[in-house]
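Below is one structure; the comments refer to it alone.
Values below: all heavy atoms of this structure, side chains included; hydrogens, waters and symmetry mates excluded.
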Amino acid sequence: MQEIKFEELGLYPEILRAIEDMGFEEASPIQAKAIPVMCSGKDLIGQAQTGTGKTAAFGIPLLQKIDPKSKKLQAVVLCPTRELAIQVAQEIRNLAKYMHGIKVLPVYGGQEIVKQIRLLKSGVQIMIGTPGRVMDHMRRKTIKMKHVHTVVLDEADEMLNMGFREDIETILEGVPTERQTVLFSATMPRPILEITKKFQNHAELIKVTKKELTVQNIEQFYYEVKSKNKEEVLARLLDIYRPKLSVVFCNTKKQVDVLVNGLLGRGFSVAGLHGDLKQAQRDRVMQGFRNGSTTILVATDVAARGIDVDEVEAVFNYDLPQDEEYYVHRIGRTGRAGRVGRSFSFVTGKEVYKLKEIQRYCKTKIYAQKVPSLKDVARTKVENILREVEEVMQAEDLTKWIQVIENKVNTSDYTAMDLAAAFLKLSMGETKQEKEAEEYADTGAEEAGMVRLFINIGKKNKAKPGDIVGAIAGESGIPGKLIGTIDMYDKYTFVEVPREYTKAVLKAMNQTKIKGKSIAIEPANAR
């Protein structure tokens with residue numbers, strides 16, 4: 001499609017100035033198609049995925065239509081999640097940066113309603129909200145829809161998936177019929193078509209074709225792995241590629257919790273995001289991810305809607321998505337802002353056929369990769385450390401430290417090479433246990449050199465595998481990655497540990513509590 005500059009779309013100078021500040025040069029395909037239609041006042045159906053620039057596609061025409069002199073509510077945007085509502089509100093505020101008197105307010109559950117009511121009374125022209133909270137304000141009569149001329153449904157398919165259909169219909173029925181209704185959706189299932197038929201007039205359909213949903217900046221790989229080995233393979237890939245920020249997708253909330261606990265036990269900086277989290281928890285998790293204090297985000301598809309962080313360097317499909325379109329949504333979290341991203345998919349058994357369907361659908365190639373061994377991880381760690389050492393040698397004055405090394409060499413039997421090798425070993429953090437773990441982990445015989453232990457705590461005590469790993473690693477001091485298979489039942493758990501450290505684990509765990517319960521641990525064969 002021919003590139004269209006924003007200057008060609010007849011926009012206010014204030015909006016053009018804000019667009020320039022935001023670093024946009026030419027309109028994306030959805031923006032080039034949607035802005036003129038919306039500005040003309042027609043109803044619109046936009047079929048476009050996340051990451052195509054659709055917020056600006058409806059945000060810019062909204063600002064063109066708002067009367068800043070009137071403090072009345074004039075436009076309502078409905079979003080599926082609070083995270084997306086906050087993000088959309090922020091982007092519209094950025095676009096309105098040079099327009100005086102425009103107030104944009106996100107409203108959502110979890111935030112004090114009294115505060116929202118106070119802000120609404122002060123005069124808000126554009127409200128961005130989740131359906132439940134917008135309905136709440138309508139019931140309380142804290143918002144008046146009389147002057148609303150535009151309603152936007154953003155990610156309409158997700159709102160329907162989350163059970164908001166009745167709320168959406170009630171809201172649309174409460175807005176004047178003389179209005180513009182705009183709907184954006186990644187997919188067009190029957191319920192969406194029913195809403196468009198009922199609430200829109202001669203809507204124009206705008207579709208971003210799959211070709212325009214480019215994934216050319218993303219290197220795509222897959223690994224054939226057994227379910228029980230996924231966590232170990234993920235840990236190895238994280239160690240090898242060391243992404244600045246990464247998002248790991250799971251298909252269920254339970255799997256998110258299990259994986260987060262497992263990765264925490266291995267020492268990674270990780271947090272989970274799914275629908276069962278309270279709003280304040282979601283905010284904390286996203287804040288930590290945005291500022292880099294959390295480097296790995298484990299999420300379900302719905303919870304991850306609205307994550308728009310440019311620095312995401314890798315996406316992991318821990319579970320292969322059920323729907324091919326979700327594959328595009330997921331990997332589109334990386335490779336943003338001209339950066340190169342990577343995506344890694346874990347495929348178990350017959351899922352390899354599903355992967356072929358995804359490749360056909362995306363018209364893309366996903367390359368098979370061999371699961372990295374512990375030796376590969378160690379080799380990569382060495383390369384990374386030596387690269388950092390080289391940078392220090394080039395950039396720093398090392399005179400003081402050279403004198404320290406010279407003194408040590410002159411007063412001992414060690415050579416400078418011995419010292420360098422010892423420092424490298426220390427930097428690697430390689431212990432005797434890890435070396436032994438490597439010897440049997442790479443053979444594929446997981447039981448070799450392991451002892452199975454019995455612990456009298458299980459699922460009914462709300463314990464998770466990560467709790468067991470964390471307790472054993474924390475109390476005995478052995479690295480989490482040494483701990484073998486964990487079989488958890490309702491009232492007890494079996495866990496494998498290296499034979500050499502059985503006594504140390506039994507002794508250290510003797511007085512330990514897990515989930516507030518004092519546990520008993522003993523070799524399984526003793527039972």
Side-chain angles (χ1 to χ4, degrees), residues 49-52 210 213-225 229-251 256 259-260 263 266 268-273 289-290 292 294-301 304 307-321 324-348 351-352 354-385 387-388:
Q49 277 87 345
T50 302
T52 51
K210 296 295 173 294
L213 279 170
T214 174
V215 290
Q216 71 225 23
N217 278 355
I218 305 167
E219 297 172 347
Q220 299 167 66
F221 306 107
Y222 78 90
Y223 298 83
E224 289 195 52
V225 255
N229 296 337
K230 281 184 181 181
E231 189 184 303
E232 173 63 27
V233 175
L234 175 62
R236 292 184 190 186
L237 292 171
L238 288 166
D239 279 340
I240 283 178
Y241 287 99
R242 301 198 306 170
K244 184 178 177 184
L245 295 176
S246 51
V247 182
V248 183
F249 283 98
C250 299
N251 287 348
V256 169
L259 182 56
V260 166
L263 292 177
R266 292 169 181 266
F268 289 103
S269 165
V270 57
L273 196 68
F289 190 61
R290 287 184 195 286
T294 299
T295 57
I296 304 163
L297 192 64
V298 183
T300 55
D301 287 294
I307 296 172
D308 193 5
V309 181
D310 284 345
E311 288 79 18
V312 173
E313 291 180 357
V315 167
F316 295 88
N317 290 305
Y318 194 81
D319 298 322
L320 217 54
E324 292 97 340
E325 268 194 31
Y326 276 104
Y327 180 83
V328 180
H329 289 313
R330 287 178 177 190
I331 71 168
R333 305 286 162 196
T334 185
R336 298 264 179 118
R339 295 177 175 87
V340 173
R342 291 189 176 102
S343 79
F344 305 92
S345 297
F346 293 170
V347 178
T348 306
E351 283 183 341
V352 75
K354 181 77 183 164
L355 193 83
K356 284 176 181 170
E357 287 173 24
I358 289 170
Q359 291 189 80
R360 275 199 300 273
Y361 175 82
C362 299
K363 297 184 177 64
T364 187
K365 179 77 178 159
I366 306 170
Y367 295 94
Q369 294 285 95
K370 185 173 170 282
V371 171
S373 67
L374 286 173
K375 286 190 176 75
D376 295 330
V377 176
R379 189 167 54 248
T380 306
K381 276 186 179 177
V382 168
E383 287 168 3
N384 289 334
I385 290 166
R387 192 180 305 116
E388 287 169 13

**OP:** Not counting sequence neighbours, which residues clear ring pair (Phe, Tyr, Trp, His ring centres under 6.0 Å) with Tyr318? List them please.
**Re:** Phe346
Original post:
Taking only residues two or more places apart in sequence, or in another chain, which ones meet Glu383 in a salt bridge (charged side-chain N to carboxylate O under 4.0 Å, His left out)?
Top reply: none
Original post:
Passes salt bridge (Lys or Arg N to Asp or Glu O under 4.0 Å), Glu313 versus Lys244? Steps please.
Top reply: CA-CA 6 Å; Glu313 291 180 357; Lys244 184 178 177 184; 6.0 Å; no
**OP:** Can you see which heavy atom on Val312 is nearest to which on Thr334, and at what distance?
**Re:** O-OG1, 2.8 Å
Original post:
If you take all heavy atoms of Gly272 and Val256, which pair is closest and at what distance?
Top reply: CA-CG1, 3.9 Å
Original post:
How far does CG of Asp319 sit from CZ of Phe249, to the nearest 0.5 angstrom?
Top reply: 11.5 Å
Subject >> Point-to-point distance, once rounded to the nearest 0.5 Å, from CD of Glu351 to CD1 of Ile358 >> reply: 9.0 Å
Subject >> Pairwise distance CZ(Arg360) to CG(Leu355) - rounded to 0.5 angstrom >> reply: 10.5 Å
Subject >> Point-to-point distance, once rounded to the nearest 0.5 Å, from CZ of Phe221 to OH of Tyr367 >> reply: 8.5 Å
Original post:
So, the side chain of Glu224 versus the backbone of Thr348: is there a donor-acceptor pair under 3.5 Å, distance only?
Top reply: no
Original post:
Partners of Ser246 by side chain to side chain contact (heavy atoms under 4.5 Å, CB included), sequence neighbours excluded?
Top reply: Leu238, Pro243, Ile296, Ala314, Phe316
Original post:
With sequence neighbours excluded, what pairs up with Asn384 under the side-chain hydrogen bond (donor to acceptor under 3.5 Å, both in side chains) test?
Top reply: Arg387
Subject >> Heavy-atom closest contact (Ser343 atom, Ile331 atom, distance) >> reply: CB-CG2, 3.5 Å
Original post:
Between atom CG of Leu234 and atom NZ of Lys230, what is the distance when rounded to the nearest 0.5 Å?
Top reply: 10.5 Å
Subject >> Listed partners of Ala299 passing side chain to side chain contact (heavy atoms under 4.5 Å, CB included), at least two apart >> reply: Leu273, Ala304
**OP:** Can you see which heavy atom on Asn251 is nearest to which on Arg330, and at what distance?
**Re:** OD1-NH2, 2.8 Å
**OP:** Would you kindly say whether Tyr327 and Gln359 are connected by a side-chain donor-acceptor distance under 3.5 Å?
**Re:** no
Original post:
Of all residues at least two apart in sequence or in a different chain, which pass the side-chain hydrogen bond (donor to acceptor under 3.5 Å, both in side chains) check with Ser345?
Top reply: Asn317
Original post:
Listed by chain and number, what are the side chain to side chain contact (heavy atoms under 4.5 Å, CB included) partners of Glu388, not counting sequence neighbours?
Top reply: Arg242
**OP:** Using modelled atom types only, decide if a donor and an acceptor are shared between the side chain of Arg342 and the backbone of Glu219 within a distance under 3.5 Å.
**Re:** no
Original post:
Got a second to check how far Glu357's CD is from Leu320's CG, nearest 0.5 Å?
Top reply: 10.0 Å
Subject >> Shortest non-hydrogen contact from Val298 toward Cys250 >> reply: CG1-SG, 3.8 Å
**OP:** Sequence neighbours left out, what passes side-chain hydrogen bond (donor to acceptor under 3.5 Å, both in side chains) with Asp239? Give chain and number order.
**Re:** none
Original post:
In chain order, what residues pass the salt bridge (charged side-chain N to carboxylate O under 4.0 Å, His left out) check against Arg266, with sequence neighbours excluded?
Top reply: Glu231, Glu232
**OP:** Please report the shortest heavy-atom distance between Tyr223 and Pro372, naming the atom on each side.
**Re:** CE2-CD, 4.0 Å
Original post:
Under the side chain to side chain contact (heavy atoms under 4.5 Å, CB included) test, which residues partner Lys370, sequence neighbours left out?
Top reply: none
